[in-house]
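First up is the structure itself, then whatever we jot down about it.
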Amino acid sequence: NEYSWAVCPDVSGSMQNRCGNSGDLRFIDIAGMFTGFFRKGLKDCKIVPWSDHVWKWNVPKNDSIVSHINALVDFNGGTDMSCALRFLIDNNVKRDFFIFITDTEEYGTRYCNGQSWIKSWIDYRHRVNSRAEAFILRGDSYVTNPFSDADAAKYGIHPIYGWNDNVVKYIAYVIANHKKA
């Protein structure tokens, strides 16, 4: 809680897809669950929902996790993972840690509106906060690295493939080691 956070859930149309071949859980449900969890649990947490643009977030911090999930379901659009970062750069919003939640979006080399996520991330670190770190939580469990492990280490990126209750433990572990740096 001593750090500032931005939680950036993907609300594009593909997030309405079901996880796996059975069950009712959708990627947007995972995004809403983590958004609500972090929003309620962190002192300084900005929510930046994105699709092909940034959406306004009106859910009060004290609302239930279900309210956060339901609010995300109402959004839709295309996919431009870098738009959240461009919004934060343009508004000079300094955050220490980011959590991007997406489905299977390839965010490293795919260009959306002229700039890939990795280039936007490097730009954010150069222009706003050089020590910022990002967790990218992909709802799917397929390890298709859109950027190298060396770039991830160099630019403070922590990719997470799939989700379960260990995700929060992993984030806590990284934060604990960050404090020692």
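- Summarising the geometry, atom CG belonging to Leu137 is positioned 7.5 Å from atom CD1 belonging to Ile30; distances are rounded to the nearest 0.5 Å.
- His126 contributes atom NE2, which lies 14.5 Å from atom CH2 of Trp121 (distance to the nearest 0.5 angstrom).
- The minimum heavy-atom distance between Lys94 and Val128, with the atom names listed, is CA-CG1, 3.7 Å.
- Residue Ala84 comes nearest to Val48 through the heavy atom pair CB-CG1, 3.8 Å, listed as atom of the first residue, atom of the second, then distance.
- Residue Cys83 comes nearest to Val54 through the heavy atom pair O-CG2, 3.7 Å, listed as atom of the first residue, atom of the second, then distance.
- Applying the salt bridge (charged side-chain N to carboxylate O under 4.0 Å, His left out) test to pairs two or more places apart or on separate chains, those with a residue in residues 32-44 are Asp44-Arg95.
- The main-chain N or O of Met15 is never found under 3.5 Å from a side-chain atom of Arg26 such that the two would form a donor-acceptor pair.
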Table please: side-chain donor-acceptor pairs of residues 65-77 below 3.5 Å, with sequence neighbours left out.
from  : atom 1 : to    : atom 2 : distance (Å)
Ser67 : OG     : Ser64 : OG     : 3.2
His68 : ND1    : Ser64 : O      : 2.9
Asn70 : ND2    : Val66 : O      : 3.4
Asn76 : OD1    : Gly13 : N      : 3.2

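- The two residues Ser116 and Ser82 have their closest heavy-atom pair at O-CB, 3.9 Å.
- Ser51 meets the side-chain contact (heavy atoms from CB on, under 4.5 Å) test with Val11, Ser12, His53, Trp55; sequence neighbours excluded.
- The distance from the CG atom of Asn58 to the CG atom of Asp63 is 11.0 Å, given to the nearest 0.5 Å.
- Here the rule is ring-ring contact (aromatic ring centres under 6.0 Å, His included) with Phe98, and of Phe135, Tyr124, Tyr3 only Tyr124 fits it.
- Judged as a side-chain contact (heavy atoms from CB on, under 4.5 Å), and not counting sequence neighbours, Asp90 has no contacts.
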Q: Apply side-chain contact (heavy atoms from CB on, under 4.5 Å) to the pair Asp96 and Arg131, showing each step before the final yes or no.
A: CA-CA 7 Å; Asp96 299 312; Arg131 294 185 39 86; over 6 Å; no
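- Closest heavy-atom contact between Phe87 and Lys46: CE2-CE, 4.3 Å.
- Expressed to the nearest 0.5 Å, how far CG of Asp10 lies from CZ of Phe100 amounts to 10.5 Å.
- No donor-acceptor pair under 3.5 Å is formed between the side chain of Asp52 and the backbone N or O of Thr79.
- In this structure a side-chain-to-backbone donor-acceptor pair under 3.5 Å is missing from Asn92 to Leu88.
- Atom CG of Leu85 is separated from atom CG of Asp123 by 9.0 Å, given to the nearest 0.5 angstrom.
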Q | Full working for side-chain contact (heavy atoms from CB on, under 4.5 Å) between Phe38 and Ile101 | A | CA-CA 12 Å; Phe38 286 109; Ile101 309 163; 5.7 Å; no
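- Tested against Ile99, the residues Phe37, Trp5, Phe34 include a single side chain to side chain contact (heavy atoms under 4.5 Å, CB included) partner, Trp5.
- By the side-chain contact (heavy atoms from CB on, under 4.5 Å) test, Lys154 pairs with no residue at all, sequence neighbours left out.
- Proximity of a side-chain donor or acceptor of Lys61 to a complementary backbone N or O of Leu42 within less than 3.5 Å is detected.
- The line from CG of Asp80 to CZ of Arg86 is 4.5 Å long, rounded to the nearest 0.5 Å.
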Q. Do Ile118 and Ile157 pass the side-chain contact (heavy atoms from CB on, under 4.5 Å) test, and can you show the C-alpha distance, the side-chain angles, and the key distance before you say yes or no?
A. CA-CA 9 Å; Ile118 186 74; Ile157 303 166; 3.3 Å; yes
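- Taking the side-chain hydrogen bond (donor to acceptor under 3.5 Å, both in side chains) definition, one finds that Tyr170 meets it with nothing, sequence neighbours left out.
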